[in-house]
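What you see is a predicted model; the values in this text were computed from it and never measured. Sequence positions, counted from 1, serve as the residue numbers for this chain. All values below come from the heavy atoms of this structure, side chains included, with hydrogens, waters and symmetry mates left out. Atoms within a ligand are numbered from 1 in the order they appear, just like the ligands themselves.
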Amino acid sequence: MVDTVETPIESLEYRTEVKQLLDILAHSLYTDREIFLRELISNASDALNRIQFEMLTNHDVVDPDAELAITITVDDEARVITIADTGIGMNRDELVENLGTIAHSGARTFLQNAGQSQSTLEEIIGQFGVGFYSVFMVAEEVTVVSRSYRPQDRAAQWQSTGDSRFTLADADKSTRGTEIRIRLKEDAAEFASTWRLESIIKRHSDYVSFPIYVKDKEGEPKVANRRTALWRQSPSKVEAAEYEEFYKQLTFDDAAPLLHVHMVADAPANVRSILFVPARRERSSLRLRPEYGLRLYSRKILIQEHNKELLPEYLRFVEGVVDSEDLPLNVSRETVQSNPVTRQLRKALTNRLLKELKNLAEQDAAQYATFWSEFGVFIKEGVASDFANREALQELLRFHSTHTGADGWTTLKEYIARMQPDQKAIYYILGDSLKSVMRSPHLDYFRKHNIEVLYLTDFIDGYMVSQLRQVEEKTLQNVDAADLDLPKDAEATAEDAAEAVSQDAFEKLLTHVKQVLGDRVREVREGKTLIDSPARLVSPEDEYARELQYVRRVIEEDYVAPAKTLELNRRHPIVANLARLLSEDAANPLIDPSVEQLFDNLQLLDGAYQGSVADMVERIQKLMGAALRS
Ligand code: ADP
Ligand code: MG
């Protein structure tokens with residue numbers, strides 16, 4: 001805009017979504033209203049970071065020498081507070097774009113949740129943070145006057161009382177930045193106090209890197225935040241409580257982190273970094289994390305807010321800051337990725353973090369168990385995808401097994417130490433839930449022979465074992481493999497031989513079952529490893545690919561897994577009686593439903609049932625009817 005013609009005052013309507021949000025805020029009884037200040041300071045700090053970054057390469061800006069700072073002025077008689085920054089500023093169009101719609105992803109998620117969720121609005125506000133608009137929890141009227149950093153832009157004013165409209169006008173402001181004037185609601189007068197504002201700043205914005213001055217209308221400005229770049233201090237000088245505070249202010253999480261790692265090194269690359277593992281994957285009282293990534297600084301100047309190259313993707317749950325003087329200051333956000341220093345940093349940070357996790361596992365089993373239940377799946381993703389760090393990652397794995405039960409955990413090392421003398425493989429069973437795998441017929445043989453089996457019930461487990469395949473030269477073996485090389489079960493065959501049905505009747509049954517089930521099974525045969533269970537489904541020889549079936553079943557809606565082989569236990573009463581019934585009266589109406597049900601039961605146990613529930617219920621009722629009659 002280079003024309004000098006005055007643009008008239010415009011009155012514009014908010015987008016519908018903003019109106020909804022404002023309506024909710026106006027009527028909420030949210031008690032933590034003070035977070036409005038955190039939101040406005042965070043916006044001011046973003047704007048300062050952006051001008052600082054811009055000025056690395058562009059000197060043609062308004063007020064190039066202005067101090068990068070935030071100034072808060074209180075007028076308690078007028079019940080007005082003003083928050084001014086010397087940041088990047090906004091022109092008229094940007095004011096409309098940024099403060100007339102919902103740019104902020106947290107606010108959008110907030111609205112969706114406010115629509116559906118059972119939780120109260122107050123909880124949801126705390127959860128998501130609603131950005132700029134949170135000011136209307138305390139404001140009767142808000143006036144934003146802003147002057148963009150671009151010399152050719154003109155200053156503009158945005159004003160709203162938080163109902164359905166806002167106005168825009170030209171403004172007189174010759175200095176760069178944004179000034180937000182808040183006329184407080186009567187019931188929010190408490191915030192028109194320097195003392196109160198200072199204590200809120202301490203709590204929520206102490207580590208903002210620009211000075212935040214607070215002053216009375218006539219008073220002297222006083223810096224309210226400590227502004228330390230904690231990561232540039234020596235770890236021995238930083239208290240545990242300081243890490244915790246820093247984490248909370250960095251992430252807006254209200255729970256303390258599970259682990260912090262403070263890394264200070266000068267070789268092979270200069271790095272000052274603090275990384276955090278949060279306590280939870282989903283942080284209930286925090287805005288959902290809109291985007292993952294580490295804050296990347298070079299000499300305290302923020303280069304990138306969500307850098308994704310400094311750690312491998314599977315470590316995306318890690319929060320923190322990285323500062324390196326080896327990154328050239330004029331590095332663009334795009335070239336961070338291809339810079340060789342980035343690769344060195346990534347390697348160093350990953351190694352260090354994995355080492356600290358290992359230490360945690362060794363020193364604090366309970367804490368590590370918490371870590372594992374929240375973030376174990378990410379480590380498994382790493383085992384599958386990060387070949388270079390596989391050994392370190394493998395040591396972090398934890399499993400439930402037939403040995404530990406549902407409450408204990410084992411490592412792979414411990415499993416290997418417990419292996420039977422003649423045991424060649426590491427056995428595992430895949431399924432949807434612990435409950436179902438623990439009852440699987442595949443485990444009969446292993447229980448009886450005291451061979452441990454790992455329970456793999458995470459979505460990603462199938463993918464992980466298909467990539468891992470071996471540990472310390474021991475193959476990983478699915479217990480449902482058809483060609484398991486197991487020692488013969490001599491005693492069982494001898495002792496139960498008498499009860500078993502005749503060879504002839506059993507073979508008839510095998511043929512009949514194949515007829516009933518058709519293409520749904522590849523083959524029907526005797527299962528020699530079964531003990532307490534009537535039957536099991538085994539996978540054809542070749543496939544590690546079957547591990548991926550679990551993944552595909554979840555991802556692909558109409559995925560049909562390849563047919564398996566059905567093994568029947570001729571010593572089991574259900575099978576033996578079926579064979580007998582079939583020999584006596586092939587037309588007995590209970591035979592086929594029983595075969596169907598036997599098959600469906602196995603699919604249910606494998607977490608793979610895809611048939612119709614209604615059909616099954618009808619069939620079960622038919623069988624119950626017969627059972628109750630006899
Ligand atoms: P978010 O900060 O998550 O983007 P907000 O609702 O807090 O969402 O702010 C909306 C947008 O308004 C910001 O992205 C920014 O573009 C603009 N904005 C808000 N405050 C300022 C400010 N003090 N200086 C410059 N731009 C600002
Ligand atoms: Mg914001």
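- Coordination check, Ser42 versus the Mg ion (ligand 2): failed, since every N/O/S atom of the residue sits at 2.8 Å or beyond.
- Heavy-atom contacts of Ala47 reach the following atoms of ligand 1: 24 (N), 25 (C) (cutoff under 4.0 Å).
- Ligand 1 has at least one atom lying under 4.0 Å from a heavy atom of Met90.
- The contact set between ligand 1 and Asn98, taken as ligand atoms under 4.0 Å from a residue heavy atom, comprises 10 (C), 11 (C), 12 (O), 16 (O), 17 (C).
- With hydrogens and angles disregarded, no donor-acceptor distance shorter than 3.5 Å links the side chain of Lys19 to the backbone of Glu13.
- Annotation: Asp85 places an N or O atom under 3.5 Å from an N or O atom of ligand 1; distance criterion only.
- Applying the side-chain hydrogen bond (donor to acceptor under 3.5 Å, both in side chains) rule to pairs touching residues 71-89 yields nothing, sequence neighbours excluded.
- Close N/O approach between Tyr133 and ligand 1 is not found [any backbone or side-chain N/O within under 3.5 Å].
- Heavy-atom neighbours of Lys215 NZ from other residues, nucleotides or ligands within 6.0 Å: above the threshold of 12.
- When the salt bridge (Lys or Arg N to Asp or Glu O under 4.0 Å) test is applied to Arg183, the partners found at least two apart in sequence or on another chain are Glu140, Glu141.
- Atoms of ligand 1 found under 4.0 Å from any heavy atom of Leu99 (numbered from 1 in listed order, with element): 12 (O).
- Not one N or O on the side chain of Arg295 forms a donor-acceptor pair closer than 3.5 Å with the backbone of Gly320.
- Cation-pi contact between Arg38 and Phe252: present, with separation from the ring centre below 6.0 Å and deviation from the ring axis of at most 45°.
- Polar contact check, Gly89 against ligand 1: no nitrogen or oxygen pair lies under 3.5 Å apart.
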